[in-house]
Amino acid sequence: MLAGLARALVQHQVLRPDQAVAIQKRADSAQTRFIDELIAEGPVSATQLARFCAETFGHPVLDLAAIDVPNLPADLIDRKLAGETRVVALGKRGGRLSVAISDPTDLQTLDRIKFQTQSQVDPVIVEHDKLVKLVEKLGRTAGEQLADLVDEGLDLDLGGEDTATSVDSNAEVDDAPVVKFLQKVLIDAIQSGASDLHFEPYEKYYRIRMRVDGELREFAQPPLAIKEKLASRIKVISRLDISERRVPQDGRMKLVIGPNRAIDFRVSTLPTLFGEKIVMRILDPSSAKLGIEALGYEPDQKQIMLDAIHRPYGMILVTGPTGSGKTVSLYTCLNLLNEPGINISTAEDPAEINLPGVNQVNVNDKAGLTFATALRSFLRQDPDVIMVGEIRDLETADIAIKAAQTGHMVLSTLHTNDAPTTLTRMMNMGVAPFNIASSVILITAQRLARRLCSCKQPLEFDEDALLRAGFLESDLDGSWKPFRPIGCDRCSGSGYKGRVGIYQVMPITEDTQRIILGNGNSLQIAEQAKREGVRDLRRSGLIKVIQGVTTIEEVLGVTNE
């Protein structure tokens, strides 16, 4: 005896009675539903069936392709019940609940939903095949969705001697995929050469971005439901307070990816409107061991830098904006100086890369351990080389200069645009000109430009355009052509792979010292440096273009003088 949808289709002569009976028998034999076998057999398409049900039973029809799935209301219908009955809640107003359903004759299902939700149910007809896919998608837990993204063979050690190495064994089962997902994100970021990872919660979605070659790229949009678990996992292994979500926190963690390699992460949390944003700075110790040749110095610049750091005393300053590679340059210099016969001490906020053989101190302003305090202590520790993470105030500058004047090599950073303005910046801080002239021996300003991938191709150029960009007439001798980025699998289609440094290396000569002692300004110092053959950042960048290392656009972008 036919009933429900089968009976309605026969009554309206959409199906013959024998067809309906045969489909019903197959459904009974396979223990499925009539509507499943009907759509699978194909006598009626899902679209035709939806139109038939809407016209016959007087319900509205909806195309699920037009639905914004992330905005569907959650938890109006129990997830298990929704999966069993193949119903999706579309919205609720007052005591009436709108639900997407493909078989409006299934009164038992409508009654179950009415009982569970204590609401009057208003059916909305949708195509059966689309409904099945949507129910399957919504019915999977966040952990199951993440499990699809994770390589099952991944086995990493998140933690280390200075981090929490485990989580509560009574954690929910769904936490395991979250842990694996985080491991995969971190290892993918390292393999992509990312410098930072951003975990960002918003009202309607959650996204993860990574900064590769100085550019932020979206990496994934995991389910919004896991944002708290992911944040908690990161905070646990970074030794942060997981119960505190109202104030920013800073921590560190370590990712062991082999017997001889471990990557440190500097972790920062920030409370936002829709949860905690977490930024992880990736600190790869191998970057400090690349060697000065890999940084991008021209041969003459490299020789000037090597001569300066091997002098017995004096101050070397590295300048540039945040993210310009100052830290790697300083650590490279320290690595060259790190020998058994040399005592090296550093004060950093915080220490980003662990260098065995170097005494590294984390500045802690709240505890009273400032740069100035650490520097004073260093001078009682018989140092040969001192590195100050950043000169921020007059007190720190004065102590660093006195250290350089009393037989110590001092390395530090300042945030200035180029080398000449660094000297006037120190004067503006209140440092006496004679102290600057007698202590500073070298200033290097730097930027990072994206390096062209091997898929690059020559670019036809206009000589006038090159001259306007800063090239000299003598450069346009026809022996070279600028290149343009193309994009391939190796560079993920961007045309760039990695970054190269662009430098202005300015030794402090006697003539420059006279300008400083005469309270000269940065323009006078820059003119003197130019007379002495010091290339500015733009010129150094254009040399990289001539060499085919980067593009004119990159150089103009990072040396916007």
Side-chain angles (χ1 to χ4, degrees), residues 67-79 82 88-89 134 136-151 154 156 158-159 163-164 166-190 192 194 196-212 216-253 255 265-282:
I67 288 291
D68 187 7
V69 176
N71 288 335
L72 285 173
D75 304 325
L76 288 180
I77 301 176
D78 179 74
R79 182 161 49 188
V88 173
L134 180 59
E136 182 183 355
K137 181 177 181 180
L138 295 176
R140 297 159 69 215
T141 66
E144 289 168 338
Q145 293 183 47
L146 288 177
D148 292 345
L149 301 173
V150 178
D151 295 328
L154 190 64
L156 303 171
L158 272 170
T163 61
S166 64
V167 293
D168 187 357
S169 59
N170 295 322
E172 297 179 31
V173 175
D174 275 358
D175 283 349
V178 171
V179 172
K180 285 189 174 183
F181 175 66
L182 177 60
Q183 290 175 334
K184 178 170 175 57
V185 169
L186 297 182
I187 201 69
D188 283 353
I190 293 168
S192 300
D196 300 88
L197 268 170
H198 295 242
F199 297 82
E200 301 171 316
Y202 297 98
E203 184 178 13
K204 303 293 185 183
Y205 66 101
Y206 186 61
R207 74 176 176 186
I208 299 173
R209 294 190 292 174
M210 62 174 67
R211 190 178 295 278
V212 180
L216 271 177
R217 304 175 185 174
E218 186 166 304
F219 172 73
Q221 281 199 20
L224 186 61
I226 69 147
K227 66 177 183 180
E228 300 295 346
K229 288 183 178 180
L230 201 52
S232 295
R233 173 62 184 170
I234 293 171
K235 289 165 77 173
V236 164
I237 57 181
S238 304
R239 284 194 165 176
L240 301 178
D241 184 356
I242 62 172
S243 64
E244 181 56 79
R245 300 175 182 174
R246 300 164 298 173
V247 297
Q249 297 187 67
D250 295 301
R252 292 177 73 94
M253 56 168 281
L255 174 63
F265 293 81
R266 194 173 73 199
V267 181
S268 173
T269 71
L270 180 70
T272 66
L273 286 177
F274 303 106
E276 286 182 290
K277 173 176 179 176
I278 299 177
V279 176
M280 305 176 74
R281 168 67 59 87
I282 301 172

I need the [X] [atom1] to [Y] [atom2] distance, nearest 0.5 Å.
X    : Y    : atom1 : atom2 : result
S238 : R233 : OG    : CZ    : 9.5 Å
I242 : E276 : CD1   : CD    : 10.5 Å
I278 : L197 : CD1   : CG    : 11.0 Å
L270 : D250 : CG    : CG    : 10.0 Å
L230 : F199 : CG    : CZ    : 5.5 Å

Looking at every non-hydrogen atom in both residues, tell me the closest pair between [X] and [Y] and how far apart they are.
X    : Y    : value
R209 : E218 : CG-CA, 3.8 Å
K235 : T269 : CG-CG2, 4.3 Å
A189 : I282 : CB-CD1, 3.8 Å
S192 : V212 : O-CG1, 3.4 Å

Can you confirm whether [X] sits close enough to [Y] that some side-chain heavy atom of one is under 4.5 Å from a side-chain heavy atom of the other?
X    : Y    : answer
H198 : F219 : no
I208 : F181 : yes
M280 : L255 : no
K277 : P201 : yes
L224 : Y206 : yes
D188 : K184 : yes

Requested in this report: Return the set of residues passing ring pair (Phe, Tyr, Trp, His ring centres under 6.0 Å) with F274 (not counting sequence neighbours), or none when no residue passes.
Outcome: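 None.
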Query raised in the report: Salt bridge check: are E228 and R245 linked by an N-O gap of less than 4.0 Å?
Result: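 A salt bridge is present here (some side-chain N lies under 4.0 Å from a carboxylate O).
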Report task. Indicate yes or no for a side-chain donor-acceptor contact from Q249 to the backbone of D241 under 3.5 Å, with no hydrogens or angles considered. Result ->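 Yes; judged by distance alone, with no hydrogens or angles, the pair exists.
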Query raised in the report: Of I237, V236, L240, which meets side-chain contact (heavy atoms from CB on, under 4.5 Å) against M253?
Result: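 Going through the options one by one, the only one that passes is I237.
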**Report entry** Contacts of P271 that satisfy side-chain contact (heavy atoms from CB on, under 4.5 Å) - sequence neighbours left out
**Finding:**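 With sequence neighbours excluded, P271 shows a side-chain contact (heavy atoms from CB on, under 4.5 Å) to P248, given in chain and number order.
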